[in-house]
Amino acid sequence: MRPFTDPPIPVKIAKMKQRVCWQHPWLQAQGIDQTRLVLDYPRQDSGSPGASPSASPGAADRTDQPSQSQGFSFLVIGDTGWGPREDCYPQRHIAEVMLPHLPEVDFILHTGDVVYTLGSKEYYPSNFIQPYREWLVGGEQPERIAYDQMRFRVPFFPSLGNHDYCHMPTLAGIAVQGVYALGRFLGLRVRKNIGWQGSGQGDVYARAFMDYLQSHPTLEALQAHVQQHYTAETDTGRCLRYRPGEFTRIPNRYYSFSRGGIEFFALDSTTLNQWDPEAVDALPDREQRQWLRDRLIQSWQNSQVRGRILFFHHPPYVTEATKWKRTEAYAMRHSLRWVLDGVVAAVPDRGDRPVVDGVFSGHAHCLEYLQTGDTGHGDAHLSWWVCGGSGCSTRRQRQEGAGLPEWPDTEGTGGGPRSPDAPNPEVARSRLYVGKTGQGADRRERYSFLRVDVEPGSPLRWRVRPFASHWHQGRWWDEELDPVVMDAVDVNSGILGP
């Protein structure tokens, strides 16, 4: 039995709403959009700790208006915060390999599970602040940075993972620490990664990364904070202004921002990943799904937006051996289909453009690129990237191979058909998998991250560059894999094949 719990979806939603003073009457009266931010430039140079503010290359020409179609770059990581091992420090090594890219990219996306095992504040210093110290203002002295006072030199946009929500009851925390103490007394090697407390049902994550409006004790204090930081004007109202090096908070558990004519949507998949096959219309967190559907429709109605990218934690499509047949994968598939089917119905004249241009997720401890075929839904012919191998122990691909069936299994235990005779067509195919391989002395755990380079102009064209590293025979082996060029896909053509 696990000593920690995953809070129920209604609890997660209610707690996060309290922390951001969701739809507070005064915020509504001011026309504040609590699901959007605007990214400012210039930012502090990420190349060296303590650098003075300076504009990144081309920053003078960059704005957050969707009419702009400049080229830009960003990095993607996920499932990072496991901390050092006895022989190496995978998370720190990946951070070091990323360092040369930082002056060249606009921001970093994180696909969730920021700090293992329970998102505890005790482990933010070793499992986040220390390995990513060059990203932080004051990072030359990381021991002085409090987990809830971080300011990023390089814009950092996280999404919530299941481990970021974990809750540890007090008695369970005491018991775990007792086990650690006993292990040390017996002379055993004990790797501590669970503190006295968990995340407080997401409270630690919220204090670390979100604009924790609940911390303002009076209405006057809240008003002063909002007047200072919610100064960006957008077509959906005033919103939070993200200022690298100065004020680096996200507004909510799900949110959106724009860069170079591309709209990015961060989701809280932990409240979307449950599904009851007996009540398929009762999908969870309808508020978030309606928000995403409506914003995507608005995006398609704006001719100046040239692309749309989603990022979140739980992958709807994945072939990692421990995740591909989980009910949560199928639940996420259904949640997204509900959204994307609604967009297809509202925007039927998209030409040869997919509903969204790319989807990044984590949770599965690997790096993977998949494509869907004709699913019969709005998620047909889309590109899916799983980036969950950036620090935690990686895993193998499923023995069944690269083709992914519609249903996680044929016996209903994962939400699939009730009968083994029911149709179970292949709906997605893995094109690249980077994870654990080999046995014994030949075993490799390949850790990874992505760099994405978006080209200027329209139609949208972008290049994904996968990077992988593994520890073997006392040293790191690094490689850059062949890039994958992403173009607008003809939604009427099949893309599955050998």
Side-chain angles (χ1 to χ4, degrees), residues 6-24 27-28 32-37 109-113 157-162 164-165 199 201-203 205-206 209-211 213 234 236-237 239-240 249-258 263-276 279-300 308-316 327-346 355-356 359-363 377-379:
D6 185 23
I9 287 176
V11 172
K12 294 177 181 177
I13 294 173
K15 292 286 188 180
M16 284 301 187
K17 284 185 174 182
Q18 292 173 5
R19 292 158 185 156
V20 300
C21 298
W22 179 252
Q23 296 184 343
H24 186 287
L27 296 175
Q28 289 185 303
I32 301 296
D33 182 352
Q34 291 184 267
T35 65
R36 193 165 181 175
L37 63 83
L109 304 183
H110 196 295
T111 61
D113 283 356
F157 297 124
S159 58
L160 275 152
N162 53 301
D164 300 313
Y165 264 119
S199 73
Q201 298 175 331
D203 188 70
Y205 174 98
F209 301 111
M210 294 170 61
D211 193 24
L213 296 181
T234 72
T236 59
C239 71
L240 188 68
R249 296 277 169 166
I250 59 175
N252 189 32
R253 64 189 178 93
Y254 58 88
Y255 59 97
S256 69
F257 67 94
S258 298
E263 293 197 335
F264 292 82
F265 300 87
L267 306 181
D268 180 1
S269 66
T270 72
T271 62
L272 301 172
N273 68 343
Q274 294 181 16
W275 178 68
D276 182 357
V280 293
D281 293 329
L283 292 170
D285 198 358
R286 188 178 185 89
E287 183 177 71
Q288 182 181 185
R289 287 186 287 114
Q290 287 180 325
W291 168 83
L292 179 60
R293 180 197 61 188
D294 294 346
R295 285 295 173 86
L296 285 173
I297 292 173
Q298 293 172 13
S299 178
W300 274 102
R308 298 146 198 89
I309 289 176
L310 312 181
F311 66 102
F312 48 84
H313 189 57
H314 297 85
T327 306
E328 60 203 21
Y330 195 73
M332 275 305 299
R333 206 177 298 176
H334 264 268
S335 287
L336 274 190
R337 284 177 177 177
W338 186 94
V339 170
L340 300 180
D341 287 351
V343 178
V344 169
V355 182
V356 295
V359 182
F360 295 92
S361 61
H363 193 49
H377 294 276
D379 62 353

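Reckoned from all heavy atoms, side chains included, excluding hydrogens, waters and symmetry mates.
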By ring pair (Phe, Tyr, Trp, His ring centres under 6.0 Å), Trp291 pairs with (sequence neighbours left out) Tyr254
Partners passing ring pair (Phe, Tyr, Trp, His ring centres under 6.0 Å) against Phe311 (at least two apart in sequence or in another chain): none
Are Asp6 and Lys12 side-chain neighbours, meaning at least one heavy-atom pair lies under 4.5 Å? yes
Main-chain N/O of Leu213 paired to Asp211 side chain as donor or acceptor, under 3.5 Å: no
Given ring-ring contact (aromatic ring centres under 6.0 Å, His included), test Phe157 with Phe257 step by step and report yes or no. CA-CA 10 Å; Phe157 297 124; Phe257 67 94; 4.3 Å; yes
So, using ring pair (Phe, Tyr, Trp, His ring centres under 6.0 Å) as the criterion, who are the partners of His363 when residues are at least two apart? His313, His314
Got a second to check how far Gln290's CD is from Trp338's CH2, nearest 0.5 Å? 5.0 Å
Would you say Asn273 and Asn162 make side-chain contact, with heavy atoms under 4.5 Å? no
Identify the heavy atoms of Met16 and Gly202 that sit nearest to each other, and give their distance. CE-O, 3.5 Å
Can you confirm whether Ser256 sits close enough to Glu263 that some side-chain heavy atom of one is under 4.5 Å from a side-chain heavy atom of the other? no
Mind checking side-chain hydrogen bond (donor to acceptor under 3.5 Å, both in side chains) for Arg293 and listing every partner two or more places apart, or none if nothing turns up? none
Gap between atom CG of Leu292 and atom CZ of Arg308 - 0.5 Å precision: 12.0 Å
Shortest non-hydrogen contact between Pro158 and Tyr255, atoms and distance: O-OH, 2.7 Å
Testing Asp379, Val343, Asp341 for side-chain contact (heavy atoms from CB on, under 4.5 Å) with Val355, which one passes? Val343
All heavy atoms of Pro315 vs all of Gly362, minimum pair found to be CD-O, 3.3 Å
Under the side-chain hydrogen bond (donor to acceptor under 3.5 Å, both in side chains) test, residues paired with Gln288 that sit two or more places apart: Thr271, Asp285
Shortest non-hydrogen separation from Gln298 to Thr236 and the atoms involved: OE1-CG2, 4.0 Å
Quick one: closest heavy-atom pair of Leu160 and Ser269, and the distance? O-OG, 4.4 Å
Distance col, row Ser159:OG vs Phe265:CZ, nearest 0.5 angstrom, shows 14.5 Å
Do side-chain atoms of Ser199 reach the backbone of Asp164 as a donor and acceptor pair under 3.5 angstrom? yes
Rounded distance (nearest 0.5 Å) linking atom CE of Met332 with atom CG of Leu283: 10.5 Å
With sequence neighbours left out, what residues match Thr270 under side-chain hydrogen bond (donor to acceptor under 3.5 Å, both in side chains)? Asp268
Chi angles and distances behind the side-chain contact (heavy atoms from CB on, under 4.5 Å) call for Val356, Ile309: CA-CA 6 Å; Val356 295; Ile309 289 176; over 6 Å; no
Under the criterion side-chain contact (heavy atoms from CB on, under 4.5 Å), which of Trp22, Tyr205, Tyr165 is the partner of Arg253? Tyr165
Asn252 and Gln34: which non-hydrogen atoms are nearest, and at how many Å? CB-O, 3.1 Å
